Amino acid sequence: MKKLVFILIVINSIFSGCTKKEPTRTSGTDTIDNITYFSTTYYNYGFSFSGAKLVSTSTNPEPDITIYVNIDNGNPRLTLQSNNLKPSFYKIGDFVDAATAQSAFDNLKTVVVTQWQDMADPINDNQVWIYRSGTADYTKFRIVSTVNETRQSIAYGECTFQWVYQPDGSLTFPGK
């Protein structure tokens with residue numbers, strides 16, 4: 001009987017010790033789009049840098065960024081927007097190709113922001129931006145690719161971006 005109890009305790013401690021919580025990632029490459037869904041209300045998915053995942057606009061907290069297709073004079077353009085009640089975007093620059101944009105992104109270790117914008121407008125491939133959250137955490141991101149087209153008579157927008165989140169409140173990003 002004592003052996004059975006001992007074996008059960010050992011087995012229980014082995015299985016309970018195997019649960020491991022993975023840390024939230026602070027960088028990656030992700031994609032968001034402007035597809036609208038419906039359950040009891042309309043919503044779409046944006047991205048949370050602090051959570052490192054897609055987040056519904058119907059949840060609390062809301063996503064950090066969402067993508068929109070704005071149409072001016074019949075010309076659609078993609079924008080990234082935030083709902084944190086303050087200007088949150090700063091464009092580092094537009095680059096001629098993916099290699100140049102990647103180099104600028106990788107070499108961006110610290111930044112001084114002169115003027116924040118309400119939205120990232122317009123977004124295009126090979127841009128590098130800084131995002132400021134409502135809690136003054138910062139993320140640098142590079143626009144890898146965009147899709148801006150009409151699908152089933154609806155303006156469709158999609159953005160793939162590479163990002164590095166800095167949760168310590170500084171505008172200094174860790175190197176690789």
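We count residues from 1, following the sequence as given. Here the structure is a predicted model, which means the values were calculated and not measured.
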Kindly write out the residues that satisfy side-chain hydrogen bond (donor to acceptor under 3.5 Å, both in side chains) with N60, not counting sequence neighbours, or none if the list is empty.
-> none

Under the salt bridge (charged side-chain N to carboxylate O under 4.0 Å, His left out) rule, what pairs show up with a residue in residues 69-79, not counting sequence neighbours?
-> D72-R77, R77-D121

Nearest heavy-atom approach of V164 to F173 is O-CE2, 3.7 Å

Shortest non-hydrogen pair, Q117 vs K91, comes out as OE1-N, 4.2 Å

How close do F95 and A104 get, heavy atom to heavy atom, and via which atoms?
-> CZ-CB, 3.4 Å

Taking side-chain hydrogen bond (donor to acceptor under 3.5 Å, both in side chains) as the test, write out the residues that go with Q81, two or more places apart.
-> T79

Would the number of heavy atoms belonging to other residues, nucleotides or ligands and lying under 6.0 Å from NZ of K53 be above 12?
-> no

Who passes salt bridge (Lys or Arg N to Asp or Glu O under 4.0 Å) against R25, sequence neighbours left out?
-> D30

Rounded to the nearest 0.5 Å, how far does OG1 of T66 lie from CE of M119?
-> 10.5 Å

Shortest non-hydrogen contact from P61 toward V55 = O-CG1, 3.7 Å

Spacing of CZ belonging to F49 relative to CZ belonging to F161, to within rounding of 0.5 Å = 5.0 Å

So CD1 of I65 and CZ of F141: to nearest 0.5 Å the spacing works out to 5.5 Å

Identify whether F89 and I67 are in the same connected component of the hydrophobic contact network (ILVMFWY, side-chain heavy atoms under 4.5 Å).
-> yes

Where do V69 and A155 come nearest, in terms of heavy atoms and distance?
-> CG1-CB, 3.7 Å

Kindly compute the distance separating CD (E149) from CD1 (I154), expressed to the nearest 0.5 Å.
-> 12.5 Å

Any donor-acceptor pair under 3.5 Å linking the side chain of N34 with the backbone of L78?
-> no

With sequence neighbours left out, what residues match D168 under salt bridge (Lys or Arg N to Asp or Glu O under 4.0 Å)?
-> none

Qualifying residues under ring-ring contact (aromatic ring centres under 6.0 Å, His included), relative to Y43, sequence neighbours excluded = Y37, Y45

Please identify each residue that fulfils side chain to side chain contact (heavy atoms under 4.5 Å, CB included) with E158, with sequence neighbours left out.
-> T31, D33, V147, Y156

F38: side chain to side chain contact (heavy atoms under 4.5 Å, CB included) partners, not counting sequence neighbours = Y42

Look only at the side chain of K109 and the backbone of D106, and say whether a donor-acceptor pair between them is shorter than 3.5 Å.
-> yes

Run through the side-chain heavy atoms of Ile, Leu, Val, Met, Phe, Trp and Tyr, join any pair under 4.5 Å, and report what else lands in Y68's cluster.
-> none

Side-chain heavy-atom pair C159, I143 within 4.5 angstrom cut-off = yes

Quick one: side-chain hydrogen bond (donor to acceptor under 3.5 Å, both in side chains) partners of T29, sequence neighbours excluded?
-> none

With a 3.5 Å cut-off and sequence neighbours excluded, list the donor-acceptor pairs that the side chains of residues 123-133 form with protein atoms.
| unit_1 | atom_1 | unit_2 | atom_2 | d |
| --- | --- | --- | --- | --- |
| D125 | OD1 | T146 | N | 2.8 |
| D125 | OD1 | T146 | OG1 | 2.9 |
| N126 | OD1 | A98 | N | 3.3 |
| Q127 | OE1 | N124 | N | 3.0 |
| Q127 | OE1 | W129 | NE1 | 2.9 |
| Q127 | NE2 | D94 | OD1 | 2.7 |
| Q127 | NE2 | P122 | O | 3.3 |
| Y131 | OH | D64 | O | 3.4 |
| Y131 | OH | S82 | OG | 3.2 |
| Y131 | OH | N84 | ND2 | 3.3 |
| R132 | NE | P87 | O | 3.3 |
| R132 | NH2 | P87 | O | 2.4 |
| S133 | OG | T135 | N | 3.2 |
| S133 | OG | T135 | OG1 | 3.1 |
| S133 | OG | A136 | N | 3.4 |
| S133 | OG | D137 | N | 3.0 |
| S133 | OG | D137 | O | 3.4 |

At what distance, to the nearest 0.5 angstrom, does OG1 of T26 lie from OH of Y165?
-> 9.5 Å

Under 3.5 Å, is there a donor-acceptor pair between the side chain of Q162 and the main chain of V144?
-> no

List the atom of T41, the atom of S58, and the distance in Å for their closest heavy-atom pair.
-> OG1-CB, 4.5 Å

Indicate yes or no for a side-chain donor-acceptor contact from K140 to the backbone of L108 under 3.5 Å, with no hydrogens or angles considered.
-> yes

Single-linkage hydrophobic cluster V113~F105, side-chain heavy atoms < 4.5 angstrom | yes

Mind checking what makes side chain to side chain contact (heavy atoms under 4.5 Å, CB included) contact with D97, not counting sequence neighbours?
-> A99, T100

Would you give the length of the straight line joining atom CG of N75 to atom CG of N70, rounded to the nearest 0.5 angstrom?
-> 12.0 Å

